[in-house]
Visitor: 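This is the structure, below, for whatever I ask next.
For the numbers below, each heavy atom of this structure counts, side chains included, while hydrogens, waters and symmetry mates do not. Chain letters run A, B, ... following the sequence lines, proteins first, then strands; residues in each count from 1.
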Protein chains: 2
Amino acid sequence: MYTIGKLSKETGVTKRTLDYYDEIGLVNPSSRTSGGHRLYGEEDVMRLERVLALKYMGFSLEQIKSILESSKLNWKQSIQQQLEMVKKEQERLKLLEQALLGVSYSIEFEGGVSWPIILNMIKILHQDPEEVFEQYQQYLDHEDMNKIKAVNDRMTEEDMHEWMQANYEIKKHLHLDPSSEQALQLAQRWADQAERMFESDDELLGDLWEALQNLEEEGIAFYPMDKEIIGFLKSVLAVHKGAK
Amino acid sequence: MYTIGKLSKETGVTKRTLDYYDEIGLVNPSSRTSGGHRLYGEEDVMRLERVLALKYMGFSLEQIKSILESSKLNWKQSIQQQLEMVKKEQERLKLLEQALLGVSYSIEFEGGVSWPIILNMIKILHQDPEEVFEQYQQYLDHEDMNKIKAVNDRMTEEDMHEWMQANYEIKKHLHLDPSSEQALQLAQRWADQAERMFESDDELLGDLWEALQNLEEEGIAFYPMDKEIIGFLKSVLAVHKGAK
DNA sequence: TATAAAACACCACGTAACGTGATGTTCAAT
DNA sequence: ATTGAACATCACGTTACGTGGTGTTTTATA
C-alpha cells in the first residue's frame, strides 16, 4: 500500500495530479486510513501506469476514462483515430517549420521583417493551394498546379535557403547591365535552383515562367516574385538569347 | 472603416475573438461610433493580419504582443526559438506515432490489448534509452546502445509491422518441431527482418542476440522478446547448425 | 506518552484563448 | 417612430493541473 507521497515519488506524478485523478474518478485509491489518508494498492498503481501510457499517447483524461472501460473494438478505433490526428499534426508542423524558415531567411536576406513576404508565405501554407494560385488559374491547368504543390512539399531547408538568397541577390543588383557577366551569373544561379527544385521538369517550369510573366500583380513562387525580379530575368534572357 | 461584424466576415475571425483581442489590447479599434460601436481602420486590419500570421506560426498571444513591439534582434531570436520548439515537437510526434503503431499492431496480432507490451513500448519511447536498456548494460557497451537507438529511429512503419508480425507468428507456433521446415522458415523470416532493420550490421546484431540470450528477465528489442521466442530461435538455430 | 515535524486532505483561485449564452443598447432601414 | 439586426459588456465554462492556504493525521523523537 502506497501513501500518496510514496506513489508520487515512485511514479514521478505530482500529488496534485493524483488529487485531481482521484477527484475526477480516473484513479481512486482502493482504501483509506481511519483518518482519511489515501492508500493505493497494486491495482491502483497499475491503473495509474495505464493512464500515464495513454496520456503519453495523447489522449485526454476524458478519453482515457472511457477507453479504460471499453471493449476491444473501441480500442482499435481510438488508436486509429489518434494515429490520424498525430499524422495530421505532423503535417501541420512541417508547414509551420517551412513558414518559420521562410521568415527566418527573409529576415536574414532582406535585413528586416518584410510583412508582405510573410503574409504571402502564410497564405501559401495556411489555406489550400487553390486559393493562392487562383491568379494563375488562367495560365496554368489543374495538373500543373498539383505538380507545383508537390514541388513545394518536396522543398528542403537548403532549397528554401538557396531560393530566397538567389532572389534576394537579384533584388540587390537590379541596376546591373543585363548583358554583364555578373547579371548572367545571377540569372544562372536562379535558374539552376529552379531546375533543382523542379527536378528538371522543364515543361512545368516553362509554364510557370510564362504565367509569371503574364501576371499583372505580384506573383508567388514559393516566395513573392516581384515584377522587378521577373523583369530583370527577362532582360538577361533576352540579351543572352540575342547574343547566341 | 469596418464594424466588428464586417471585419469578422472579412477575416474569418469570430467576433468573440476580436472582442478578446480588444480586451487584452492586442488589436484595438482605432475609433468608435458615438454609441460605442467599434470601428476598425486599415491599419487595424493590417495589425490583425500580422497577429493571425504569428498565431499560425505557433506563438502565444502574449508573445505576439511583445514581438509586434520589439526590434529585429528580438524577432530573429523568437523565430529561432519557435523553430526549435517545432522541431522538438515533431520528434515527439514521431515517437508518439511509433507508440501508437506499436499498440495498433499489438492489438492486431495478439488479438487484444496487451498491457505489458504497451507499457514497455511507452518506456522505450518515453524516457531516455539508458533506463530501458539498463538491463543490457552488462552485455552491451555504450556504442552498441547508441547504434540500437539509431536503428529504432530509422524504423519505418513497414519495419515495425513486419517485426511484430514475425514475432507474433513465432509465438503462435512455439510447439513446432525445431527441425521442421516451417520452423526454419519462421526463424528465417525473423532473421531477415532483423538483418533489414540492422542494415546488415551483423556485429551489432550478434551482440544484441548474445545479450538477449543471457538476460534473465524478458528482453526488449523494439518489442518485448519473451524467453519463449528466444528459446525457439535458439533451438532452431542449433538444429540448423548441427545439420550443416 | 507527549510533542514536534512531516505528511496529508480539502478548498479555492489562477492559467490560455476563446465558446456560449444572457441582457441591455445602438444602428439601419422602413 | 418603429423594429429587427448588429453590437457592447458581462459572466460562466472549458483542460489539466500549479500554487498556496488552513486545518488534521501520521510519524519520529524525547
Visitor: Which heavy atom of A:Q63 sits nearest to which heavy atom of A:G58, and what is that distance?
Guide: OE1-O, 4.5 Å
Visitor: How close or far is atom C1' of D:dA6 from atom CE of B:M1, stated in whole angstroms?
Guide: 18 Å
Visitor: Kindly state which residues belonging to residues 16-25 of chain B come within less than 4.0 angstrom of DNA chain C, counting heavy atoms of the residue only, listed by number.
Guide: B:R16, B:T17, B:Y20, B:Y21
Visitor: In terms of ring plane angle, is the pair B:W163 and B:W190 parallel, tilted or perpendicular, where the classes change at 30° and 60°?
Guide: tilted
Visitor: Whole Å only: how far is the NZ atom of B:K6 from the P atom of C:dC27?
Guide: 16 Å
Visitor: If the condition is salt bridge (charged side-chain N to carboxylate O under 4.0 Å, His left out), which residues does A:R196 pass it with, not counting sequence neighbours?
Guide: none
Visitor: Testing B:H161, B:E157, B:M155 for side chain to side chain contact (heavy atoms under 4.5 Å, CB included) with B:D159, which one passes?
Guide: B:M155
Visitor: From CG of B:L39 over to P of D:dC7, roughly how many Å is that when rounded to an integer?
Guide: 10 Å
Visitor: What is the distance, rounded to the nearest whole Å, between atom CG of A:L7 and atom P of C:dA7?
Guide: 15 Å
Visitor: With a cut-off of less than 4.0 Å, is there a side-chain N or O of B:T3 near OP1 or OP2 of D:dA6?
Guide: no
Visitor: Please identify which of these residues, B:L39, B:D19, B:V13, meets the side chain to side chain contact (heavy atoms under 4.5 Å, CB included) condition with B:I4.
Guide: B:D19
Visitor: Are OP1 or OP2 of C:dA9 and a side-chain N or O of A:R38 less than 4.0 angstrom apart?
Guide: yes
Visitor: Given D:dA6, is OP1 or OP2 found less than 4.0 Å from the side-chain N or O atoms of B:K15?
Guide: no
Visitor: Give the rounded distance in Å between these two atoms: CZ of A:F59 and C1' of D:dA16.
Guide: 17 Å
Visitor: Between C:dC27, D:dT25, D:dT9, which one does the side chain of A:H37 approach most closely?
Guide: D:dT25
Visitor: For A:Q90 and B:E97, work out which heavy atoms get closest and say how close.
Guide: OE1-OE1, 2.7 Å
Visitor: Using a heavy-atom cut-off of 4.0 Å across all strands, would you classify B:K9 as base, sugar-phosphate, or nothing?
Guide: nothing
Visitor: Whole Å only: how far is the CD1 atom of A:I64 from the C1' atom of D:dC17?
Guide: 13 Å
Visitor: Any side-chain donor-acceptor pair under 3.5 Å between B:Q80 and A:S104?
Guide: yes
Visitor: Can you tell me which nucleotide in D:dT9, C:dA9, C:dC8 comes closest to the side chain of A:R32?
Guide: C:dA9
Visitor: Side chain of A:L61 only, heavy atoms from C-beta on: which candidate in D:dG18, D:dT9, D:dC17 is closest?
Guide: D:dC17
Visitor: So if I take every side-chain heavy atom of A:T33 and compare against D:dC17, C:dG19, D:dT25, which nucleotide ends up nearest?
Guide: D:dT25
